[in-house]
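We name chains A, B, ... by the order of the sequence lines, and we start the count at 1 in each one.
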Amino acid sequence: MESKEKLLDQLAQAVVDMDTEAVEAKSKEVIEAGIPAFEAIATGLSVGMKRVGEMWSRMEIFMPEVMGSVDTYYAGMKLLKPQIKVSEHATYEATVIMGTIWGDIHSVGKDVAIPVFEGENFRVIDLGLDVSVEKYVAAVNEYHPEFVGLGTYMSETFLHVEALVEEFKAKGIRDKVFIICGGPAVDSEYAKKMGADDAWNDAWEAVAGMKQLLKQKRG
Amino acid sequence: MPVMRDIKIQISIDDLLRVHGATEGQVKGKALDNYRRLLDEAEPLLRPAYIYRDVSIAETREDGLVLETGHVLQATILAKLLRTAKRVYLMCCTIGPLLEQRAREYKNDGFPAKAYILDSIGSLATDFLAQKGCKFVDDVAAAVQLSTSIPLSPGYMGWPLKDQQAFFQLLDCAEIGVALSDTFIMSPLKSTTQAIGLVAEPGGKAHKTNCDYCALKARCKFRKVQSS
């Protein structure tokens, strides 16, 4: 049996290498070795996604390679996530609920952003596409997230951000969450103008920005 | 109401990589193979069709158009670009439900990136089909010494999405298998509507494209020619 550190490093590297078979094999070894699943995700799979993000930032790889790693990451998650014990749940950095805003069905990279966020130890609740303001409000009340992520592709549906912010104010939940935006129809300045807290160009920039917001809030 | 189905959709690996911010030279090995395989997988799943109708414009207002049928299309951009138009072609096109079903299967099976790539192929195919529709109207216009406006769609350039209802009242979209939800989302998702005016100005589009009027401008990866 490999050492725990070596096994988790191999798991991380398999994500970078887009090697689904290796990820599945190493994930099974992890389970057989009795390594806590959350630890394997956080210091194995997620480290792999982190390395992918670093390579992306240095422009050593492009979106197609990221895509390959995303599916590999999920292949490992499929085996490891069901093994997480309830007692392991309390260690997330923050909770993010994400969805594509109503009137819009583009996933705008939401599915790519999710493993990146999870890789940085954020708990992600995916509400899907064409998500109504009522569904966002219900999700905030159910999951008590730190972040509400709004995906929007079309200039028309981006205007719904303002409506959502107003509804959150009316329900008294606006100040409880950071509202963040993603998608090609939005930038930071425009997002703030609509009453959201921020928007970033890609998932890795978003992670840095979200950590900054958390730092400001938590002091 | 005329329906066109016999359309060959062509998407290259370059087109697909471009919308994901890369070129063929930059991507190699497994990643490139994955994209090529998905492109091959997508092709037989495409069921392109479009339906269209030619409607006379009864009145051009500052904030939109009134059609001969009494329908009002409420968008300043329509009023601006179709100010000399007497007729407008309304179209609905779709690539059918199969590609999106396959993408959903991938997502449910734990392969969201494959689903995302198929989704991008679907977007490119829908765009290709919409452009075929534009070419058809261009030819109609040329035959009567007119030009065409750029194609305009609800949801873009300040045209409210609720005007999708007018398209669905005026076109028998069910004939090509397209339905509209209460939130004005079309199903199959890879469907689009467009209005193209037959305009009197020589040159019509005057070398402009939708990108010239779109808020995304140079940030959009679907745009083939980036502005300098």
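Of the atoms belonging to B:Leu17, it is side-chain heavy atoms, and not backbone ones, that fall under 4.5 Å from chain A. In this structure, the portion of B:Tyr35 lying under 4.5 Å from any heavy atom of chain A is its side chain and not its backbone. Neither the backbone nor the side chain of B:Leu32 comes within contact range of chain A; no heavy atom of the residue lies under 4.5 Å from a heavy atom of that chain.
By number of non-hydrogen pairs under 4.5 angstrom with chain B, the leading residue of A:Met67, A:Met63, A:Lys78 is A:Met67. The candidate with the highest count of non-hydrogen atom pairs below 4.5 Å against chain A, out of B:Lys30, B:Gln26, B:Lys28, B:Gln164, is B:Gln26.
Using a 4.0 Å cut-off between charged side-chain N and carboxylate O, A:Lys28 and A:Glu24 make no salt bridge. Taking the charged nitrogens against the carboxylate oxygens, A:Lys171 and A:Glu167 do have a contact shorter than 4.0 Å, which makes a salt bridge. At a threshold of 4.0 Å, the pair A:Glu60-A:Arg51 does not count as salt-bridged, since none of the basic side-chain nitrogens sits closer than that to a carboxylate oxygen.
Below 30°, between 30° and 60°, or above 60°: for B:Phe167 and B:Trp159 the angle between ring planes is between 30° and 60°, a tilted geometry.
In this structure, B:Asp163 contributes its side chain and B:Pro154 its backbone to no donor-acceptor pair below 3.5 Å.
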